[in-house]
Structure formats: C-alpha cells, structure tokens
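Working notes, beginning with the structure itself.
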There are 2 protein chains.
Amino acid sequence: MRIAELSRLSGVPAPTIKYYVRESLLPPGERTSRNQAQYGERHVTRLRLIRALLEVGGLSVAAVRDVVAALDSPATGTHKVLGAAQQTVTAVRVGGSHDEPEHLEAVAEIRDLIERQGWKVSEHSPALTAAADVLGALRQLGQDDFADQLDAYARAADAVAATDLEIVRERGDADAMAEAVILGNILGDALLAALRRLAQIHRSAELFE
Amino acid sequence: MRIAELSRLSGVPAPTIKYYVRESLLPPGERTSRNQAQYGERHVTRLRLIRALLEVGGLSVAAVRDVVAALDSPATGTHKVLGAAQQTVTAVRVGGSHDEPEHLEAVAEIRDLIERQGWKVSEHSPALTAAADVLGALRQLGQDDFADQLDAYARAADAVAATDLEIVRERGDADAMAEAVILGNILGDALLAALRRLAQIHRSAELFE
DNA sequence: CCACTCTCGATAGTTGGACTATCTATCATC
DNA sequence: GATGATAGATAGTCCAACTATCGAGAGTGG
C-alpha cells in the first residue's frame with residue numbers, strides 16, 4: 001500500500017507518518033522508485049503501537065524511539081532482553097538532584113525494603129532510584145504514613161509482577177516476551193492506576209457511607 | 001520573608017514563583033505595600049507540593065492548578081471530598097475517541113470486571129473510562145493475554161486501595177484526607193510503578209537464570 | 001501521451017506549554 | 001538619598017510534536 005492508505009488505516013495523517021519515519025519510530029517503506037514506496041501490514045501494526053505508547057502510555061517521541069529500538073534489536077538471552085526492555089521503560093521519567101542526604105537516606109530505605117521482600121536486585125537499578133525519588137518526595141512533603149506502608153505496597157507490586165511474569169512465560173519467543181514486558185509495563189501502569197481508582201471508589205463508599 | 005528567601009528555601013527561581021502565582025498554583029503573598037509582599041511557611045510547603053506534582057508526578061501546570069484548587073476548596077462531606085479529589089486526579093490524562101464499537105466493548109468488559117469484583121462504582125466514572133481505554137488499546141495491539149488477566153490485576157489494585165484507604169482513615173480531618181488521596185494517587189502511582197519494576201527484576205532472574 | 005493526482009524528501013513554519021527576561025514604578029534600608 | 005530589591009506587566013525563549021509547502025519525479029485514466 002502507499003502512504004495515503006497507510007494513513008487511512010492507521011488514522012495518522014500522512015505528514016505525521018513521514019515525521020515518525022524521520023524520527024526513526026517507523027521504518028521507511030520499501031522503495032520501488034525514486035519517489036514511491038510500499039508499506040505493509042507491519043507498518044500498520046507499528047503505527048498502532050506508536051500511537052498507543054504516545055497517547056495511552058504518555059511517552060515522549062524520544063522514549064518511543066528507544067522502546068521500538070529495543071523491540072527491533074536482535075535478542076540475546078531471555079533475561080537480558082527483559083532487562084533491556086525494563087531499562088528502556090524505567091528510564092522514561094527521571095530528572096532530579098541525586099546528591100542530597102535526603103535522597104541517600106531514601107535509597108537506603110528502599111534497599112532495606114528490597115532486603116525484607118527477599119528481592120534480588122542490582123544496587124544500581126534505575127527502578128531503585130525511581131522508587132527512592134518518590135519516597136524522598138513523600139517524606140519531604142510530610143507524608144510519612146505513606147512511607148510507613150511501603151511493605152504493603154511492595155507486596156501488591158509483587159503480586160502484579162507475578163502476573164506479569166506469568167504472561168511473559170507463556171509467550172513463545174524472546175521477541176514476544178520483550179513486547180509483553182514493554183507493553184505490560186507502559187500500558188499496564190495506566191491500567192493499574194485506573195483499576196486502583198475504581199477499587200478506591202468502592203472502598204471509600206463502603207467506609208464513609 | 002520576601003520572594004528572594006522563598007526562592008532560596010524552595011529552590012524555585014523567583015520569576016518562576018511569580019509565574020506560579022499568575023497561574024494560580026500559589027496564592028500571592030500578603031501585601032504590605034504597593035511593591036512588597038510577605039510570604040510564609042505555607043508558601044514554602046505549597047511550592048514543594050507543586051514541584052513534586054510537576055516533577056515526580058509528571059502533571060501539567062494546568063493539572064496542578066486543579067489539584068491545589070481541590071485541596072483549597074472547603075470540605076463538605078468526607079466521601080464527597082474524596083470523590084472530588086479522585087476526579088481531579090483521574091481526569092488528568094485522557095484524550096481519545098469514545099464512540100467506536102471497540103471502545104464500547106471494552107467498557108462492557110470493565111463493567112463485568114467490576115461486577116465480578118463486587119465493586120460498587122458509578123457507570124460514568126472517569127476511572128472506568130480510563131480503564132476501558134487501556135484495555136481497548138491492549139486488545140487492538142493483540143495483547144489479549146493481558147486482557148485475560150484483568151482479574152488478577154484487579155485483585156492487586158484492590159489490595160493497594162485497601163492500604164490507601166487505611167492511610168486515609170487514620171487522618172484526622174477532611175483536608176488531610178483529601179491530601180492523602182491526591183498525593184497517594186499521584187505520587188503513589190509512580191511509587192507502585194517503580195516497585196513493580198523491582199519485583200519484576202527479581203522474579204525474572206529467578207525464572208530465567 | 002498528456003493532464004492530473006500522488007509521492008518522497010527537504011525545509012520551514014506553527015502551536016502549546018513552561019518558563020525566563022526586561023522594564024517601570026515603587027519601596028526598604030543602610 | 002544612593003543602592004538594591006520588589007510587584008506586576010509584557011514580551012521573549014526554548015522545546016516538543018506536529019503541519020505546511022515545495023520541487024522533482026512517478027502512476028494512471030482518457
């Protein structure tokens with residue numbers, strides 16, 4: 001198909017498709033002449049993925065580039081692939097100063113939590129830093145009772161991760177696994193947030209009616 | 001204190017503080033003359049909250065304005081306040097077409113889930129729409145095995161909500177409760193996401209080593 | 001084979017959000 | 001009373017994500 005049909009099928013304007021190709025989110029079509037290219041089913045699928053990551057997942061174009069690059073890179077060892085996929089996903093939102101004593105304290109606190117949960121995680125995992133960032137912010141805002149419930153939240157997170165990994169395990173090849181990790185994390189975060197709101201509404205009504 | 005000290009204490013540049021006042025994120029200082037105003041401890045606290053919502057929570061300035069407006073509005077009925085706080089928080093990210101048959105199907109699916117979980121939730125809750133959006137995106141991307149694990153995710157979300165409400169219940173007044181709901185949701189989402197990654201790393205190592 | 005439409009790729013322009021800079025008429029304070 | 005800070009207003013900057021235009025070329029119906 002040509003770009004007009006690709007645009008129609010995906011709902012993405014043609015100039016935007018060109019933009020995505022320029023930004024390496026989408027591979028270019030197969031050239032048939034100087035100014036003609038053919039697009040296939042794969043382009044439609046990829047475009048849907050890109051839009052889902054941008055709109056539902058709230059990622060930036062740069063972050064989407066990293067994600068699709070990870071998906072496209074040839075797999076070498078299942079756990080490695082999952083790790084790479086995770087790095088990509090986690091590194092999406094950071095930005096803060098990481099030298100203050102408060103931050104180091106929060107890091108130590110998360111390390112203790114990891115110990116208590118019996119998790120085995122690298123000391124320098126970006127997820128650890130991210131968790132410490134949030135914890136530090138909560139403490140600085142005087143929300144210590146949240147911080148004190150860390151273990152309860154960690155248990156819930158562990159249950160979620162168990163489900164995640166179950167889904168990943170069922171997948172056949174490494175590519176499908178990486179895809180499951182990435183989509184499960186990015187879209188799964190949004191899904192969990194929404195479900196959490198629903199459960200809150202129910203429980204709050206039950207408690208305060 | 002004057003604006004220079006407020007800036008020093010909060011780490012926010014003075015022109016940016018003025019900008020926040022213009023955008024109604026921060027109340028203006030108490031005027032002592034035509035070109036002088038006094039700021040207090042409350043301004044420092046509020047600025048920290050604003051920065052946490054912007055940087056850790058990833059909210060837009062407009063969303064922060066809604067959040068602080070909800071915090072400042074006088075409370076009328078505990079459950080009402082929590083509901084308002086939730087609306088504010090959930091309405092943060094939407095944007096999509098809600099008329100297609102796929103979307104209606106996803107909505108029905110979420111309603112079934114709510115039924116199965118025994119949750120009592122309004123038919124038109126924004127959280128329901130948000131969940132349906134994500135579910136629709138997952139199905140459209142061919143990730144049906146995620147969608148099939150909805151109940152497992154819902155159980156985890158319920159456990160999180162139970163902890164959330166426990167924290168809220170311990171708070172004394174309605175203001176503190178609203179604050180707990182808002183911060184717990186916005187920053188809690190980020191915290192849970194990070195903890196989920198940590199648990200995944202552990203479980204993935206266990207499974208594939 | 002020719003008018004008309006479409007396409008590619010390059011370049012430039014637009015829009016919105018979040019600041020940041022400058023300016024003026026004041027004040028505070030040494 | 002010189003120096004420096006301040007409020008408020010206005011305008012400018014910077015970045016991300018598109019969007020518009022253009023020119024040379026290619027496909028296609030009549």
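First the proteins, then the strands, lettered A, B, ... as listed; each starts at 1.
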Do [X] and [Y] have side chains that approach each other closer than 4.5 Å (heavy atoms only, starting at C-beta)?
X       : Y       : answer
D133(B) : V56(A)  : no
E109(A) : L135(A) : yes
I110(A) : L198(B) : yes

Can you check the [X] [atom1] to [N] [atom2] distance for me, whole Å?
X      : N       : atom1 : atom2 : value
L26(A) : dG9(C)  : CG    : P     : 12 Å
L25(A) : dA16(D) : CG    : P     : 14 Å
E23(A) : dA10(C) : CD    : C1'   : 14 Å
M1(A)  : dC8(C)  : CE    : P     : 13 Å
R65(A) : dA16(D) : CZ    : C1'   : 11 Å

Using a 6.0 Å cut-off, check whether atom CZ of R31(A) has over 12 heavy atoms from anything other than its own residue. yes
So for atom CD, which belongs to E102(A), do other residues, nucleotides or ligands contribute more than 12 heavy atoms lying within a distance under 6.0 Å? yes
Salt bridge (charged side-chain N to carboxylate O under 4.0 Å, His left out) with D158(A): which of R203(B), R197(B), R196(B)? R203(B)
Assess the residue pair E5(A) and R2(A) against the criterion (salt bridge (Lys or Arg N to Asp or Glu O under 4.0 Å)); give the C-alpha distance rounded to whole Å, side-chain angles, the decisive distance to 0.1 Å, and a yes or no. CA-CA 6 Å; E5(A) 193 178 357; R2(A) 298 189 296 180; over 6 Å; no
Please list, chain by chain and in numerical order, all residues satisfying side chain to side chain contact (heavy atoms under 4.5 Å, CB included) with T16(A), sequence neighbours excluded. V12(A), P13(A), Y20(A), R51(A)
Distances under 3.5 Å only, N/O to N/O: pair up the protein atoms with those of nucleotides 6-8 of chain D.
residue, atom, partner, partner atom, Å
dT6(D), OP1, A4(B), N, 3.3
dT6(D), O4', Q36(B), NE2, 3.0
dT6(D), O2, N35(B), ND2, 3.1
dA7(D), OP1, Y39(B), OH, 3.1
dA7(D), O3', R31(B), NH1, 3.1
dA7(D), N7, K18(B), NZ, 3.1
dG8(D), OP1, R31(B), NH1, 2.1
dG8(D), N7, K18(B), NZ, 3.4

What pairs of nitrogen or oxygen atoms, one from the protein and one from nucleotides 17-20 of chain C, lie under 3.5 Å apart?
residue, atom, partner, partner atom, Å
dA18(C), OP1, V61(B), N, 3.1
dA18(C), OP2, V61(B), N, 3.4
dC19(C), OP2, Y20(B), OH, 3.3
dT20(C), OP2, T16(B), OG1, 3.2
dT20(C), O4, R22(B), NH2, 3.2

